[in-house]
Amino acid sequence: MSETTQKYDVIVIGAGPAGYIAAIRSAQLGLKTACIDNWCNQKGKPSLGGAYINAGSIPALVLLESSKLYHLLNHDIENHGISVDNVSIDLPKMIQRKDLTVEHLSQQIKDLFKQYQVELIHAYGHVLDSNRVEVTKISNKSQYIIYAENIILATGSKPIDVPYAEIDNEFIFDSNSALNFDAIPKRLGIIGAGIIGFELGGIWSRLGSEVIILEAQENFLTTPDFEISKEAHRIYSEQGLDIRLGARVISAKKGSKKVTVEYQDQDGGHTLRLDKLIVATGRKPNTENLAAPEAGLTLDESGYVHVDENCMTTLPGVYAIGDLTLLGPMLAHKGLEEGVFVAEHISNSHSPINYNIIPSVIYTDPEIAWVGQTEQALKAIGENIKVAVFPLHLTARAQATNKTDGLVKIIAHAETDIILGVHILGANASELIAEAVVAMEFSATSEDLARTIHAHPTLSEAIQEAALSLSNRALHMPSED
Ligand code: NAD
């Protein structure tokens with residue numbers, strides 16, 4: 001294999017949200033930067049943005065929006081005094097809009113690379129040691145070695161395969177391929193009611209599928225606050241999602257026209273015949289063959305890269321960020337922030353990441369968003385807390401827009417009044433949560449939120465009202481007498 005004289009300050013492997021941001025920030029800081037990425041679009045050309053932009057959250061968000069409009073036109077529009085006849089779906093066109101959005105966002109990264117002079121290498125990157133990366137070009141499989149002072153690993157994650165449901169992309173799909181159906185399935189099964197299963201289920205259900213979600217755990221959505229999950233379960237079940245808890249799938253077999261799924265719950269074994277099945281049982285880090293065994297990169301038994309608090313791996317000068325590590329949750333914005341951090345760490349201009357204040361969002365309708373700790377986690381450690389809930393339907397904006405489902409829950413320390421967690425279920429929760437994130441980043445008290453003027457009428461008033469409610473002075477809350 002040829003050894004080139006190509007030397008960089010930084011080589012980034014992976015151009016997902018963590019990697020492309022690490023590359024751009026490195027280049028902004030004056031570091032000579034290359035970014036290696038192996039993602040191919042349908043034409044075999046590079047498509048930057050990783051799974052997140054090409055197959056994950058961005059495509060899901062595009063179809064979520066289309067599905068919400070279709071559902072509105074079919075179900076709720078008459079409430080506005082508007083009648084619409086013959087609403088129909090052109091699925092290929094809907095999917096084309098998704099693909100175009102992906103193309104634009106990916107091109108945007110390419111343009112930024114050009115502007116900041118990040119060298120893009122469409123190839124597979126394999127770490128040989130602290131300073132050398134073996135490159136295998138996608139176009140012609142040619143191989144060569146390049147050098148850098150620092151290497152940033154950002155190869156992301158992929159869906160976990162399960163032995164009992166083999167992906168064939170005809171009847172059985174993973175989350176990467178579940179947004180490219182050629183027709184709307186009449187009866188769709190999903191294994192796993194985690195964030196991905198739930199987001200995908202909502203989209204296809206609003207587009208008209210009968211959706212059955214099979215979840216092995218007894219509880220629905222275990223990461224948000226329990227009160228939010230309980231209310232979400234009620235709302236989404238009412239919308240028509242058939243969520244079966246304590247239902248462990250043991251096999252999925254495709255026939256000539258259907259897929260047959262067997263699962264077990266407390267009542268015994270059950271069989272379902274479905275048109276399509278999505279496997280959404282989790283993701284795992286992309287670390288297979290990432291580094292030569294003799295390089296000495298330490299992984300844990302699940303394949304996550306071992307890093308210290310500075311995202312530094314066991315190889316000096318080699319960092320790992322995003323979904324590759326267990327430092328913080330598997331979220332795009334966590335990876336993105338780590339990309340900035342690592343580039344600045346290399347340039348000695350970094351400030352630490354606050355892993356305690358990372359917002360989480362579930363993109364459904366209504367949305368779920370939270371930051372900080374849940375009531376159940378705080379109670380489990382015996383924290384002295386106060387809790388208040390404000391239902392969205394009491395705000396003028398929710399009533400005016402007919403988006404009354406949901407609530408805001410705020411948790412503060414009982415003595416210091418410092419906000420410990422904010423949890424929102426409702427329209428625009430993903431945007432509303434930013435206020436709570438900023439407040440918590442500044443160690444605000446609930447009184448700070450209660451005394452902050454919020455525009456009227458907006459949904460954000462529910463956050464202020466929840467804060468007021470902690471001292472029993474919510475203004476639009478009926479009195480308990
Ligand atoms: P997950 O681990 O959150 O959920 C998988 C679910 O599948 C679990 O609840 C598990 O109990 C269930 N399951 C596993 N085997 C089963 C079986 N045989 N039968 C029935 N149920 C079974 O994984 P995910 O939803 O795939 O998400 C992966 C990661 O990606 C998460 O960390 C998530 O936070 C992240 N993600 C986040 C977003 C977002 O922020 N909006 C979007 C996409 C992905």
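Excluded from the calculations below are hydrogen atoms, water molecules and symmetry mates; all remaining heavy atoms, backbone and side chain alike, are included. Because the structure is predicted, anything quoted here is derived from the model rather than measured. Ligands are counted one by one from 1 in listed order, and the atoms in each one are counted from 1 as well.
- The one candidate from Arg187, Lys257, Lys186, Lys258 that meets the side chain to side chain donor-acceptor pair (under 3.5 Å) condition with Asp275 is Lys258.
- Lys409 forms a cation-pi arrangement with Phe226, by the criterion of a distance under 6.0 Å to the ring centre and an angle within 45° of the ring axis.
- Of all protein heavy atoms, the one closest to atom 14 (C) of ligand 1 is Thr281 CG2, 3.5 Å.
- Between the CD1 atom of Ile418 and the CD1 atom of Ile385 there is a distance of 14.5 Å, given to the nearest 0.5 Å.
- Scanning the protein for heavy atoms near atom 10 (C) of ligand 1, the closest one is Glu215 OE2, 3.5 Å.
- The distance from atom OG1 of Thr325 to atom CE of Met330, rounded to the nearest 0.5 Å, is 9.0 Å.
- Atoms of ligand 1 lying under 4.0 Å from any heavy atom of Gln217, numbered from 1 in the order shown and given with element: 9 (O), 11 (O).
- Look at Glu337 and Lys334 and you find no salt bridge, because none of the NZ, NE, NH1 or NH2 atoms lies under 4.0 Å from a carboxylate O.
- Put simply, CG on Leu425 and OH on Tyr236 are 5.0 Å apart, with the number rounded to the nearest 0.5 Å.
- For the residues Tyr263, Phe198, Tyr52, Tyr164, the heavy atom positioned nearest atom 17 (C) of ligand 1 is part of Tyr164.
- For the pair Lys254 and Asp168, the salt-bridge criterion is met [side-chain N within less than 4.0 Å of a carboxylate O].
- Checked by distance only, ligand 1 and Ile362 stay at 3.5 Å or farther apart across all their nitrogen or oxygen atoms.
- Ring geometry for His345 versus His350: interplanar angle of 30 to 60°, hence tilted.
- Each of the following atoms of ligand 1 lies closer than 4.0 Å to a heavy atom of Tyr363: 41 (N).
- Salt bridge Lys230/Glu227: absent, no basic N to carboxylate O contact under 4.0 Å.
- The Gly194 neighbourhood of ligand 1 comprises atoms 3 (O), 4 (O), 6 (C), 25 (O), with distances under 4.0 Å to a heavy atom of that residue.
- Here the shortest heavy-atom pairing between Asp323 and Ser157 reads OD2-OG, 2.7 Å.
- Between Ala216 and ligand 1, an N or O atom pair is found at a separation short of 3.5 Å.
- In summary, the atoms of ligand 1 found under 4.0 Å from a heavy atom of Arg283, numbered by their order in the structure, are 28 (C), 30 (O).
- Protein heavy atom in closest approach to atom 7 (O) of ligand 1: Gly192 CA, 3.2 Å.
- Residue-level proximity to ligand 1 for Ile191 is carried by the side chain, the only part with a heavy atom below 4.0 angstrom.
- At a heavy-atom cutoff of 4.0 Å, ligand 1 is contacted by no atom of Thr222, backbone or side chain.
- At under 3.5 Å, a nitrogen or oxygen of Glu199, whether backbone or side chain, sits near a nitrogen or oxygen of ligand 1.
- Nearest protein neighbour of atom 43 (C) of ligand 1, counting heavy atoms only, is Ile196 CG1, 3.4 Å.
- Ranking the protein heavy atoms by distance from atom 31 (C) of ligand 1 puts Met330 CB, 4.4 Å first.
- His71 and Gln239 share no donor-acceptor pair across their side chains, judged by distance under 3.5 Å alone.
- Residue contact annotation: Ser57 has a non-hydrogen atom under 4.0 Å from ligand 1.
- Distance CD1/Ile11 to OG/Ser26: 11.5 Å, rounded to 0.5 Å.
- Ligand 1 is never approached by Pro329 to a heavy-atom distance shorter than 4.0 Å.
- Looking only at protein heavy atoms, the nearest one to atom 39 (C) of ligand 1 is Val361 O, 3.4 Å.
- Looking from atom 23 (O) of ligand 1 to the surrounding protein, the closest heavy atom is Gly282 CA, 3.2 Å.
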Take Glu435 and Ser460 through the test side chain to side chain contact (heavy atoms under 4.5 Å, CB included) and record every step on the way to the result. CA-CA 8 Å; Glu435 170 181 356; Ser460 68; 4.0 Å; yes

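- Looking at ligand 1, you'll find an N or O of Ile195 within less than 3.5 Å of one of its N or O atoms.
- Remark: distances from the non-hydrogen atoms of Ser360 to ligand 1 are all 4.0 Å or more.
- How far OG1 of Thr395 is from NZ of Lys403: 12.0 Å, rounded to the nearest 0.5 Å.
- Numbered from 1 in the order shown, with element, the atoms of ligand 1 that lie under 4.0 Å from a heavy atom of Ala247 read 19 (N), 20 (C).
- Annotation for ligand 1: atoms under 4.0 Å from non-hydrogen atoms of Arg248 are 19 (N).
- The protein non-hydrogen atom at the shortest distance from atom 19 (N) of ligand 1 is Val249 N, 3.0 Å.
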